[in-house]
Each structure stands twice: as structure tokens, then as C-alpha cells.
Number of protein chains: 2
Amino acid sequence: MSIAEAPGLRERKRIATRKAIQRAVLELALERGLERVTIEEISRVADISPRTFFNYFVSKEAAIVGDSPDFIDGEALQHFVDGGPNGDLIRDLGYLLADAAERASEDRDTQIMRKELHSKYPHLFALRMAGMRVFEDELSAVVARRLLREDAAYAKDQATLASRSRLVTLVAMGALRHAWTCWADSANKSGEPLAGRMRDTFDQLESVFVKSRQS
Amino acid sequence: MSIAEAPGLRERKRIATRKAIQRAVLELALERGLERVTIEEISRVADISPRTFFNYFVSKEAAIVGDSPDFIDGEALQHFVDGGPNGDLIRDLGYLLADAAERASEDRDTQIMRKELHSKYPHLFALRMAGMRVFEDELSAVVARRLLREDAAYAKDQATLASRSRLVTLVAMGALRHAWTCWADSANKSGEPLAGRMRDTFDQLESVFVKSRQS
DNA sequence: GTGCAACATTGCAGACTATGCAATAATTGA
DNA sequence: TCAATTATTGCATAGTCTGCAATGTTGCAC
């Protein structure tokens, strides 16, 4: 929306190259194991020079883990800021994330290959989380907007607002990890939707917190 | 306790070398920036051969981020499993972690240098989180023990128990991240204790979850 | 469509990382 | 003291990653 209507040749080529590299590295890594894949091979398969590889990714691993999600916008975001689908902060945040996950679709194959590699090499998974830092910051800002809506008193204390938003965000990221691992561990019936898992996880989250108090 | 009463010369040397390397890399990285430090220099300062460096750490970064915490045991653990200090699952878990943080003391300097580097190079911080995987698994097992105590019905459904434990653990790790960043961002009055921050964070956590429901 | 500015790709050189292997040295325990 | 075990080291080698300068492509104004 906010960006280019017509991407233009240059941009289209760039995206194509990026995808070609990602495909290449995923296929090779699945076929013969991550450590037995070299940049040279990847480049050969993706039909670029080794030097070009590094114009796109800083490492093999970076090419595998995939890009961090785009910034969330649109009406789901506004809905969240205005008091979310359920009126429960964390859960609403989870639903917002699930929503974003549904939207951000890649090739089904790419997604599945990635998933496979993630459960085979857990450190990749960790790397992926590591790469979400900027996304986390964006999310944190969104949470801050909602908190401010819920309680205008936060306006007087920016530090507390920031801290609180970040706490909520990081807890949500923890839940997100849970959803991911559940999804990755689940039998590979191709259909299994990630977004559904996410909603499940965030629903459970509520009961985890409430339960101990009741008993 | 369970391990060696008297470490023996070999073991003591090993630990000394390990610390020497960590000191060396921390000092050098602070002094001239992470990317301008080579293994060769580190080895020179730590007084070992470059080859030996790799017998201790797989990379510069690994030497910087420090070891992941030892397994938690002792009476605090038992107390947690039996219904924890407050009777609130997540909060109790936080207190358990804070407890462990208090115990696991390193040189004050080392700790401060690490902290400095962590805020200077956020990807190191992420790396540290990534290195906590096995610790997370241990923690998850501990949480499972407590859940089973609270509700014996879990015994019938190991899958749910495992999933639930993992969810709680990952959420707690999120909160832990929050505590860490607060601590790292705080002005460097040397005294500021990490454990205190952790307890703060986990106390807030409760209100985050409850608040939205009340309003 | 010509031409120029902006950007992308490539090859090459060079520094650094990382691992296997075999020789050497230190520690352990009997 | 001796043999077993474990640690350190140097060397060789494969691979990663970056800067730079040359060459190719695309975008855009005219």
C-alpha cells in the first residue's frame, strides 16, 4: 500500500534472486546436511557468483532462516490498539500475530523446507528468534499505543510505559516460540496451519496464569 | 556436591584457561570493538595457542556470552516444586531464577564487561538466549514436576503436561529477557543487582495479566 | 532512443575462521 | 616410576567474508 504500486524490473529481479538463493540453500541443506553445503555450491545452483551471495545475505544461516515479518499494519492493527478482539491484552496480541502470520504467505514448499530444517538444527531456530529484534521493537511500540489507550495515566510516565510494553512483547514472543515449536513438531500433514497453533497457545496462556490463583 | 570435592590440578588449569580466554576477549572487545579482535590476539593475551582457543570455544562470540547457568538444584528447587514461595506459578518460577542468579556469581568485573558488551552489540544478547536451550529444557522438566504436583491428572496426559510446561518456561524466559535488558540499560552503578530486577519483572508480570481482565 | 546517473554483479586479493591430524607435553593413578 | 589419559600445539587445508575496482543493467530525463 504505502510502497510501490509497480515494483519495476530492478526490484523484481532483486526479489527473484533473493528467492532463488533461499530455494537453493534450503534444497541443498535438506539434501546433504547444513555443514556440507558451501556458498560456492549455493551460488552455482542459484546461478549467481559467490560474491553476489554476500550482497544478499551475510551467511548461509541467514539465507535459511528467512526474513523477519513485515511490519504489521492494516485494520487488524487498529482493532488491536482500540481494545483488541477479546479485551485481553496478551491474548489479543497473540491473535494479532496469528493474523499477521496468516497474511505473510510464502511458497508452501519453502515454508515446509524451512520448518524441516528448523527442527533438524535447533540453533537455526534460535537464530531466527535473534533476527526478530527490530520486529520486537515495532511490536513493542504497538503495545504501547494500546496501553496508553487503556490507561491515559501512562502518558505521564514514558519510562514505565516503555518497560511495560516491552515486558508484554517479550512474553508474547515466548508464547510465539511455543507455538512455533508445537507447529514444527507436529506431524507433517502439509495442511496444519501455524496461525491456528498460535491462537491455541495464546488461549492456553490465559488459563496458565489464572489457574494457579484459583486452586 | 554431586561432582568432585577436590577438582584436581588438571581441572583447575582448565578452568583457569577458560577464564583467561574470557577475560582476554572481553577486554579486547571493549577496548577496540568486537570486529577488530582476532583469535590470534585473544590467544596471545590469554597466553595459549590459537589452536587451543578452539578447544574451549567455537567462536569469539561464544567466549564473550559466557556459559549458560548451571542446573538449578538445592532447597529452593524443592520449595518451588512443592508449591513455591508465593503459590503463583510464573512468579514463583521467576523467584527461583532470581535465586539461581544470585548464587551463580562470577567476578564482578567480568560480569560488568559482559553487560557492557551486551548492550553495545545486541546480537550477542540474542546469542546468549540461543545458548540457553538446554537450560530451558531442564527448567521445563522442573515446571512439569510442579504442575504434576498441583494437578495429578496431568499424569494421564504426558503430551499436554510437556506442552504446558514448555509454554510456562518460554514465557518465563521472555520475562527473563526483560529483566536482563532493564538491568543492562540501567546506569552502571556497580551495585545494581540482577536478581532484584528479576523479581521486579516477575511481580509486574502478574499485574499485566490480571489488569486487562479487571478493567 | 541517447545518454547519464544509479545501482547490481562479478572477479580477485587478502584476512580471518575453523577443523582434522599427528606430534609433543602434562597430569593422573597405580 | 611407568603407563594411560588428556591437553596443547603446529601445520595443512577448506571455507567464510570483505573491500575494491571493473563491468553490466536499469531507470529516467530529454
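Keep in mind the model is a prediction, meaning the values are calculated, not measured. The sequence lines fix the lettering, A, B, ..., with proteins before strands; numbering per chain opens at 1.
- Taking a 6.0 Å sphere around CG of B:D70, one finds it holds 12 or fewer heavy atoms contributed by other residues, nucleotides or ligands.
- For A:L30, the side-chain contact (heavy atoms from CB on, under 4.5 Å) criterion is met by A:M113, A:E116, A:L117, not counting sequence neighbours.
- Within residues 57-68 of chain A, the residues approached by DNA chain D to less than 4.0 Å at the level of any non-hydrogen atom are A:V58, A:S59, A:K60, in residue-number order.
- Near DNA chain C, meaning a heavy atom under 4.0 Å from it, residues 121-129 of chain B has no residue at all.
- A:L96 places a side-chain heavy atom less than 4.5 Å from the side chain of A:L93.
- Put simply, the residue from A:I72, A:D82, A:D99 that forms a side chain to side chain contact (heavy atoms under 4.5 Å, CB included) with A:L77 is A:I72.
- A:R32 pairs by the side-chain contact (heavy atoms from CB on, under 4.5 Å) definition with A:L28, A:R36, A:V37, A:E41, not counting sequence neighbours.
- For B:R146 and B:F80, the positive end sits near the middle of the six-membered ring, less than 6.0 Å away and at most 45° from its axis.
- A search for side-chain contact (heavy atoms from CB on, under 4.5 Å) contacts involving B:A63 returns B:I21, B:V25, B:F53, B:F57, not counting sequence neighbours.
- Geometric assessment of B:R14 against the ring of B:Y56 yields a positive cation-pi assignment under the 6.0 Å and 45° thresholds.
- The list of salt bridge (Lys or Arg N to Asp or Glu O under 4.0 Å) pairs with a residue in residues 125-139 of chain A, not counting sequence neighbours, reads A:E136-B:R177, A:D137-A:R166.
- A heavy atom lying under 4.0 Å from DNA chain C marks the following residues of residues 24-51 of chain B, by number: B:V37, B:T38, B:I39, B:R51.
- Remark: side-chain polar atoms of A:R114 are paired, donor with acceptor, to backbone N or O of A:I64 under 3.5 angstrom.
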Check your understanding: Yes or no on side chain to side chain donor-acceptor pair (under 3.5 Å) for A:S49 and A:T52, after CA distance, side-chain angles and deciding distance?
Key -> CA-CA 5 Å; A:S49 90; A:T52 298; 3.2 Å; yes

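- When atom types are taken as modelled, the side chain of A:T110 and the backbone of A:E106 share no donor-acceptor pair closer than 3.5 angstrom.
- Look at CZ on B:F54: it is 5 Å from C1' on C:dA18, rounded to the nearest Å.
- Note on residues 58-69 of chain B: pairs passing salt bridge (Lys or Arg N to Asp or Glu O under 4.0 Å), not counting sequence neighbours, are B:R18-B:D67.
- Applying the salt bridge (charged side-chain N to carboxylate O under 4.0 Å, His left out) criterion to A:D157, with sequence neighbours excluded, gives no partner residue.
- Between B:H178 and A:S163, the side chains place a donor N or O and an acceptor N or O closer than 3.5 Å (distance only, hydrogens not considered).
- Under a 3.5 Å cut-off, the side chain of B:Y95 and the backbone N or O of B:R199 do not form any donor-acceptor pair.
- Between B:L124 and B:M129 the shortest side-chain heavy-atom distance does not fall below 4.5 Å.
- Axis angle, first five pairs versus last five pairs of the helix from C:dG1-D:dC30 to C:dA30-D:dT1: 30°, rounded to 10°.
- The listed nucleotides are C:dT19, C:dT28, C:dA26; the one nearest the side chain of B:L9 is C:dT28.
- Closest-nucleotide positions on DNA chain C for A:T17 and B:R12 were compared, and the one nearer the 5' end corresponds to A:T17.
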Contact list (N/O, under 3.5 angstrom) for nucleotides 5-8 of chain C vs protein:
unit_1, atom_1, unit_2, atom_2, d
C:dA6, N3, A:R10, NH2, 3.4
C:dC7, O4', A:R10, NH1, 3.3

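- From the 5' end on, the contacts that DNA chain D makes with chain B at under 4.0 Å to a non-hydrogen atom open and close at D:dT5 to D:dC11.
- Looking only at side-chain heavy atoms (C-beta outward), B:L176 and B:M132 come within less than 4.5 Å of each other.
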